[in-house]
Amino acid sequence: MEKVREEAKPNPAATAGLLSNIFFWWLNPLFRTGYKRRLEEADMYEVLAEDRSERLGQDLKRYWDVEVQKATKEMRPPRLGRVIIRCYWKPYAVLGFFTLVEEVIKVVQPVILGKMIEYFENYDPNDKTALHETIGYAVGLSVCVIGLAVLHHLYFYHVQRTGMKIRVAMCHMIYEKALLLSSSSLGKTTTGQIVNLLSNDVNRFDDVTIFLHFLWVGPLQAATVVGLLWLEIGPSCLAGMVVLMFLMPVQTMFGRLFSKFRSKMAVLTDSRIRTMNEVVSGIRIIKMYAWEKPFAALVSDVRRKEISKIMKSSYLRGLNMASFFCASKIIVFITFTLYVLLGNTISASRVFVTVSLYSAVRLTVTLFFPNAIEKLFESRVSIRRIQEFLLLEEMTKIGSTLTRDDKSDISVEIQDLLCYWDKVRRSPFIEYNNLSVSVRAPRLTHVLPLWARIHPQSSLLSSILGELPHEKGALKVRGQLTYAAQQPWVFPGTIRSNILFGKELEPQKYERVIRACALKRDLELLPDGDLTAIGDRGATLSGGQKARVNLARAVYQDADIYLLDDPLSAVDAEVGRHLFEQCICGLLKNKPRILVTHQLQYLKAANQIVVLKEGHMVAKGTYTELRQSGLDFTSLLEEEEQQQQQQLPPADISTRSRTMSQNSTVSKASSAQSVPGKRDAGGQTETTVSFLKRLTDRLYFYLLGGVHHAGLVVGSLVSIRTMREADEQEKLNDADVANVTRSGRNLTRELDRDFYLGVYGGLTAATVIFGFVRNMVLFNVLVKCAQALHDRMFDAILRTPVRFFDINPIGRVLNRFSKDIGQLDSNLPWTFVDFIQLFLQVVGVIAVSASVIPWILIPVVPLLLFFLYLRRYFLQTSRDVKRLESTTRSPVFSHLSSSLQGLWTIRAFGAEERFQKAFDAHQDLHSEAWFLFLTTSRWFAVRLDGICSIFVTITTFGCLLLRDQLDAGSVGLALTYSVTLMGMFQWGVRQSAEVENMMTSVERVAEYTELESEAPWETDKRPPPDWPRKGLVTFDGVNFSYSVDGPVVLRDLKATFRPKEKVGVVGRTGAGKSSLVSALFRLAEPRGKIYIDGILTSEIGLHDLRRSVSIIPQDPVLFAGSMRKNLDPFSQHTDEELWNALQEVQLKTAVEELPGKLETVLAESGSNFSVGQRQLVCLARAILRRNRILVIDEATANVDPRTDELIQRTIRDKFRDCTVLTIAHRLNTIIDSDRILVLDAGRIDGYDEPYALLRDPGGLFYKMVQQTGKQEAAALLQTAKEVSVIGEASPSAVDFFYYYFVLNNVCQTAALRQSVCMCTSP
């Protein structure tokens, strides 16, 4: 596999000095670069050694293994929470000391402040001792402020790094577990759930570590503050503390409720992402079936439930934030009301010391402590979910590695196996009664499956691989296995990396493999040869090319035993013969090979043939032995008189000109994007549109969902402003009360106590009411905004052409729906509300301070200008860092998704460690970006707090310089507010930067809302309801390419498919057969005209067109859910119709044996059914649709001859009155068609009756038939000749002869034909 990235720059943090680490000076060069130009991945620093994914994951895994062993001994479930504590408690406990020191400083500050105000209360110009003492207090206050700035950010940097370490280690363990999951475990989880664990659940560790220490610091600080308040204002302080203590359990309750909603929300998010994964994976089928609207309804339903939970949790968060905001107002009001009513006289020092002490404890008790509880409960939910995943059953390896001396002992031995896919339900089961197979080197063993409801041949290979555990019987494997899967799997990367699969490049061996697997010519046609990048699911390759890359990968590995699961079915006869002779019997001739195949013409080359039927071994032996035994399989072959076989020279294969079919045409475009920098398609650098801040912010509100939402926003802002005015008045009122004693001298004015208390109480009540209303309204608006954005993005995704999914990895699309929508749902609303709240508070503080001491504006103006410059300077880099963090996260999900799709192959090749390393490399790349995100935020915050501490110092010493002009109240107000401003201002500015950074997610989602859209689903021109009545299809000068700038894959196609006509479509791999289907379904817009029953298809809506044409696709797609949902997703048919359809395709018995029958829930992608069974389900869907036109796109390539025969018979019977287009590699499938369309390089080479085409020796079809072998060619010619004769007979004769030729096709040996006919008669 390719490197995830080139060598990174060394991390300057590793060698930075003490001061550089405290003030983050080592980041200055990065900020200079970021200010000049856009930052790229190459600008990021290497991840620190102690933060590497592999190291962190292995450390945590060691603790987990110990816990699992201990739990097993003690007969209890293992506890993941305990493991995390054991692994990280020591370094995390040290950080608790920082928190303690920081909170002590916060408590000491108000005491120093009180001493300074006392000096002004008892001001004596001649008392130099008091002045010197006060200067000492001023120095102490300044030191406290600077100390807070440094300590606070050092603490936050280190706790966030701890959170990052836990998250990275957990991701490592989750991925490692995913690679080890057994087949039964894979049925219990889904790709969507694992993606959700990796995208959302692990992020709780980033949050919980920040606040956890406040669980013990909070109560300690509260007790200290109560003591100091008692000394200051006596028993009155208890009233305020009662309010605080009341808030703690209330917010704890909020935490529990939040946790409850979070659990439900996580399940719904899992479900939504799983559905999204299915939609993106099966988008081609969804579009061909015109199922977009019902799937949109499905996602919309889950999303609606999810939004309901998000809204409730957002309201809780809003109440939490409002209670924190209003707590100080209520506490101060109650405390001083009680203090005054008890007959005490208030002074400036008492008021400001009390307010400052309450402020110090309020942040901890009402924000950090409840947040700690909330995050702790959230984390418990996530830990429980991850723990359940980590405890799923793992598979056990069967193969053993042999030394060089033991190579002669290579073998596979099987004896009477009984296997269950699902042990609990004990179904579907495979029972190999009397199966005794021994494979030794060098032998070729053919496993020949006869038709069965459950396909035992793939299950047999699964058993050998260890994927399907056996209940009883013996299975011994000696030697290293390698495996070529029936459904080819390619991972994001280059073709070369897919073939090498981690092995070193040996040019001569590599060249031999390329030639043996018939890839030489294909690679010459690709823009970058074998360095062409291919995306998720091999989107740039045709089915045949994927199959050959898959085979080449297996051949290149120097394994002991080769398991080949029908690798010849996806290629045409010529290529199939080449692969068999040059590869399977050529390069691999000295190796033991187990080949599962339906290609009967190759059986003679086998050393041993095993015939399976319904889980039983019905025959075993050499070709000669079985032929003499007269068993069923021999009736599938015609006796061959001559030993020689006609075959093409290998050179002919590589010189034949081919074009890429279907998705392969996008390779030029996609490789052009992905090859630079040698990055794989899964890790292509994503770019998002760079919006200016103003435009970004407007965009967010533009998408809110119309006038209604805009009105709500305006209303909420008005309420905020009103509330702020009330708050300012209340603070001014505070100052007036404080000024009752005028600097502690001479006169005391009596005020109307009841009047002022009434005004004060009214303003406090208004503040509380508006605070709560404002939060509720804002959260409501912002969550609805997230919903509107999600709906628009999903709608755009459904409407975009298929090409988009060919060039964008699944991980990238899922990242938008998981991480980015998660940001919009949860993080953005509260960050935005917090920013609005802080911004208005800062404005209020400065306004009130300036109204009392106008000179305070002198330092504020230059500092504000510097703030704005610093913010702009920071955002240039910060935005790029946030973008890099988002784009480096996508490959992590892509790698996970791709690994789960190719899990069997990865395990068969023993490549788990290599894929784990690749995952760790993707994680390290993301950690580099995340580390920069953490440190750049701290760099900014330290400088903001540094400037604020300068402001506090200037204000403090300014008060002493102007001591003759100021009274105690003014000094108290100026100092209290400047100290408050310090934490608040920097947090407000950082929250504004955070909102702007989170706008990256809005940008990314908005980018997907504006994707190119395909033609409308419905237009004004609607065809008649019963269209098409006849099924006449006409192609008139059709040219087709998959993109505007892509190569033309169909050229000037002119053909007519008559009503009720059965047309076969053949051609070499890459001739344009599947492109013909894409043109008919308008998956990309063809140039030229296609008519169905005289109606031009380009003038009608896509849904009208696609609903009227049925398709049985090349890759059968089943969706997670019940069998009923897969047959009839949207309940349009009765149970009787469903059972009848299953009966027609002979699946009724298989479904009746399932535990829940039609309601049985299938595994993700229907993986607990064989490919053949999935294909039959697709056939049942086509029967239910009852359309006049049926397209079969190589649907029988992966099924055995009996299933193929069943499909063909069902099509003849059920679609007798339909026009049927059959694309096929097996020529015997289409040889009895009315006419055959032969394509070559996108052009029509021939279009006539089969027999007419076979009479033209120069035609491509004639050559293709000859390449199947002499006896097969003779049989095909005979069938074509007889069909030609039947064509002139009456309809009843046609039916009679059709069934005769089906039997003829199956029973081609003259000696056995009579007995077989007797067996099939009633």
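One is the number of the first residue; the rest follow in order along the sequence. Note that the structure is predicted; figures quoted are calculated from it, not measured.
Nearest heavy atoms, L357 versus V225: O-CG1, 4.0 Å.
The six-membered or imidazole ring of H213 lies near that of Y92, with a centre-to-centre distance under 6.0 Å. Aromatic pair F214/F368: ring centres closer than 6.0 Å. The six-membered or imidazole ring of F333 lies near that of Y760, with a centre-to-centre distance under 6.0 Å. Aromatic pair F156/H152: centroids less than 6.0 angstrom apart.
Using a distance-only test at 3.5 Å, with no hydrogens or angles considered, no donor-acceptor pair links the side chain of D945 to the main chain of A149.
Counting heavy atoms from C-beta outward, L934 and R161 have side chains that approach closer than 4.5 Å. Annotation: side chain of R963 is not in contact with side chain of V971 (no heavy-atom distance under 4.5 Å). With contacts defined as side-chain heavy-atom distances shorter than 4.5 Å, the pair Q991/F832 does not qualify. Side-chain contact between F211 and D207: absent, with no pair of heavy atoms (C-beta onward) separated by less than 4.5 Å. Looking at heavy atoms from C-beta onward, K375 lies out of side-chain contact with R204 at the 4.5 angstrom threshold.
Residue-environment remark: CZ (R380) stays at or below the threshold of 12 foreign heavy atoms within 6.0 Å.
Between K309 and E306 there is no salt bridge, since none of the side-chain N atoms of the basic residue sits less than 4.0 Å from a carboxylate O of the acidic one.
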